[in-house]
Amino acid sequence: MNTKKLSRALFLAVCVACVAGSVQAAKTDVTIGMQLEPPNLDPTGGAAAAIDEVVYANIFEGLTRFGSDGSVLPALAKSWSISEDGMTYTFELNSGVTFHDGSAMDADDVKFSLDRAMAEDSTNAQKQLFANIESVENVDGSVVIKLKTADGNLLFNLAWGDAVVVASETVETLATNPVGTGPFKFKNWVQGDQIVIEKNADYWGEPAKLDKATFKFISEPTAAFAAMMAGDLDAFPVFPAPENLAQFEADPRFSVILGSTEGETILSTNNKQAPLDNVLVRQAIAHAIDRSAIIDGAMFGYGTPIGTHFAPHNPAYVDLTGQSEYDPEKSKALLKEAGLADGFTTTLKLPPPAYARRGGEIIASQLRAVGINVEVSNLEWAQWLEQVFKGKDFGLTIVSHTEPMDIGIYANPEYYFQYDNAEFQALIESFNAETDAMKRTEILQQAQGIISDDYVNGYLFQLAKTGVASSKLKGLWENSPTQANDLTGVFWED
Amino acid sequence: MLRYLFKRSLILLATLFVASLVVFITIEVVPGDPASYMLGLNAQEDTVAALRAELGLDKSKPARYISWVSGLLTGDFGTSYTYRTPVADMVRDRMWVSLPLAIFALLLSTIIAFPAGVYAASHRGGITDTIVMAFTQLGVAIPNFWFAMLLVLLFAIKLSWFSAGGFPGWDAGFFQALKSLTLPAIALALPQASILTRVMRSSLLDVLNEDFMRTARAKGLTRRKALWKHALRNAMIPVLTIIGLQFSFLLAGAIIIENVFYLPGLGRLIFQSIASRDLIVVESVVMLLVMAVVLVTFAVDLAYAWVDPRLRGTR
């Protein structure tokens, strides 16, 4: 490039900057940064959190939905009634709802969507959400869902992004051209770079305040930092570099948004591998771990200690961190009691996220301090899934379980950490059948106690949601009850 | 000449065939299943099986190899597992970023390296030579991602002349697109220019010591004339080799720079696809790059012949 061209380009850049500056007053669009690009835009056909982060509540809606505090709210269903025996749910739908292609949304579309998710050849990543549904019928325009057994989780399950309502006509092309009922319509996707959505003028409910939103994908933490600082982005709701948050905090142009997520970060333990199958050994590990050192060292102080597999912001949470407080002496004594006074060797297999890689180093040294020799290896996600999750070939691993209310995974003895306790399994069964809110809470608290007493896994901390946004941008979700960027209520303050 | 071309084409085809086998086998033996990656932790066994069937992953490996290669022959690169779009379309979009970026960086590095190398060689031992050599030493030593971050800090954050990254697409206007490639191209060009300068200088110095240079001077040419007329052309062979290698490298090897500037280029596509075990994308893109490298090598061979008539004779 010769200097003449360069100066021309620079001149042009200055002009663009001037124009951009003069129209800034009436800003109705937003540019949101995300670390991972969604592989496709069909929330009913993949597990990637990035899909929901773009489409949930913006493009697609289900019968119910999550609010920012994790509560279950009506969405396409205006109201519902539950039969005496808890086996039949009848949903009244909102009227005048249309898909973005103009066709009307009715009970048949709901039936189609749920039938598709439950079908034999379904590729829905959360098929278990629908396992208890016997049938879905359109009765005079209402949706009637019959269950196999009474199930208090149905309204919650239907709020997931995997349970959204889609139209049979557009289902083949959802992956690249999502057509939903939400307040935003899909506009275009430059793969590898950005996705643009725009306001749906025909939205049935409260319309969006923004005219346009752009999601930009920046995987490198330093690049994310630079893009925020240079003003290329208006917000980065899940900011990948906690070490830079203090700098944003000090800058009046930005506000740091701290909230909770559903991510229980745990030191998953192979309950079937010797010597980890011995509860004394697992207890020894629990007491060898200094949670605050991990939160400070790996997460720069962001995160809430947990003592069981449950989110601290949930009203049913019981603080059991005292059962596994940091006490290396006790840990050594427990190892001695288990007949392992000289310690032992095990593996620690770490997936790519920073919480695992940084946390893993700290845990490895804490375990070495009590005589447990840990062989650390770093894995890619695909390798992790193959070796650890499917192959169960691991001693220890660190992973954040981000699905909401997922304590039920401990009732599945086949699940990768292989916890097999009949008492716990019966408890979860009774929880699923229970519809009384008080009793449900009681059961959940009991369940938290059992897995904590059994030291099934090392319970580390609840992942914090650490976001950065322009200080004039209001209405972003603080918490993350599900991985989503609901832009419905987002607006610019003058 | 025709026979030579025919023979070369056969070798080219054989190379590509062997390459396709190697690419397919190495990528297929990597552990990890695309379907379970896509469906995540809660997926049920039958869901994963259903997706594997939908993606054609339940077929045997030889059957998949044959359908992949026969697809390649008809210009069908397959459909990405995760993106669910044709690989050819994805590659074309990414190519429009990677190719201009590679050319841009190569132009920059050549524009810097030629005068610097020639000047340093013709003023060997002088102060300018020392300075140029010191700078090239620095250019090779500085990691380009770090240099890229410095550029971002200065030009994007401090001065706000450029955005910190991203690519608006060529639809946004030629200069707009070129502008977004400027910082990445500079970051890529710096180490390349340094290497090229050093090669240019040493190659030129070698030639300057040749007998025919003395003859040229003896017949009355000035230093400068001898340099331009005789030395430069002879010094070009190693330089062209390096440029050819650099171009192949820049095309696919800009992964780190593409990450720093979050450009949707080929390198990042391969990187993402390996992580998500989108095997068909990795296989097809790597195969395309093999083809590109083979063709660039061929072009460099032709360029040799152009600068060196002796090579032309052996054809």
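A note on names: the letters A, B, ... follow the listed sequences, proteins ahead of strands, and every chain is numbered from 1. The structure displayed is predicted, hence computed values, not measured ones.
Contacts of A:Pro38 with chain B are made by backbone atoms alone, with heavy-atom separations under 4.5 Å and no side-chain atom involved. Heavy atoms closer than 4.5 Å to chain A are found in both the backbone and the side chain of B:Asp33. Heavy atoms closer than 4.5 Å to chain A are found in the side chain of B:Thr85, but not in its backbone. The contact between A:Glu37 and chain B is made entirely by side chain atoms (from C-beta outward), counting heavy-atom distances below 4.5 Å. The part of A:Ala48 that comes within reach of chain B is its backbone (N, CA, C, O), which places non-hydrogen atoms under 4.5 angstrom from that chain. When heavy atoms are compared at a cutoff of 4.5 Å, A:Asp232 approaches chain B solely by way of its side chain, counted from C-beta outward. Looking at A:Lys127, both its backbone and its side chain come within 4.5 Å of chain B, counting heavy atoms on both sides. Of the atoms belonging to B:Ile274, heavy atoms from both backbone and side chain fall under 4.5 Å from chain A. In this structure, chain B has a heavy atom under 4.5 Å from the side chain of A:Tyr415, while its backbone stays farther away. No part of B:Leu269 comes within reach of chain A, as not one of its non-hydrogen atoms sits under 4.5 angstrom from that chain. Interface remark: A:Asp406 contributes no atoms to any contact with chain B (heavy atom separation under 4.5 Å). Both the backbone and the side chain of A:Gln191 come within contact range of chain B, judged by heavy atoms closer than 4.5 Å. Both the backbone and the side chain of A:Gln383 come within less than 4.5 Å of a heavy atom of chain B.
B:Leu57 is listed as a side-chain neighbour of B:Arg64, based on a closest heavy-atom distance under 4.5 Å. Taking 4.5 Å as the limit, some side-chain heavy atom of A:Met229 sits within range of a side-chain heavy atom of A:Asp251. Counting heavy atoms from C-beta outward, A:Asp29 and A:Thr214 have side chains that stay 4.5 Å or more apart.
Between A:Phe417 and A:Tyr410, the ring-plane angle classifies as tilted under the 30° and 60° cut-offs. Classified by interplanar angle (parallel below 30°, tilted 30° to 60°, perpendicular above 60°), the ring pair A:Trp189/B:Tyr83 is tilted. Ring-plane geometry between A:Trp384 and A:Tyr416 is classed as perpendicular, the angle between the planes exceeding 60 degrees on a 0 to 90 degree scale with a lower cut at 30.
No close placement of the A:Phe225 and A:Phe239 rings is indicated, their centers lying 6.0 Å or farther apart.
Contact tally against chain B (heavy-atom pairs below 4.5 Å) for A:Ala175, A:Pro352, A:Ala227: the top residue is A:Ala227. Between chain B and the options A:Asn124, A:Ile218, A:Thr402, heavy-atom pairs under 4.5 Å are most frequent for A:Ile218. Counting heavy-atom pairs closer than 4.5 Å to chain B, the top residue among A:Asp193, A:Leu385, A:Val190 is A:Asp193.
Atom-to-atom distance recorded for A:Thr123:OG1 and A:Arg116:CZ is 6.5 Å, nearest 0.5 angstrom.
The side chain to side chain contact (heavy atoms under 4.5 Å, CB included) test with B:Leu101 is passed by exactly one of B:Leu188, B:Leu250, B:Leu266: B:Leu188.
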| Passes side chain to side chain contact (heavy atoms under 4.5 Å, CB included), A:Leu350 versus A:Leu379? Steps please. | CA-CA 6 Å; A:Leu350 303 171; A:Leu379 305 182; over 6 Å; no
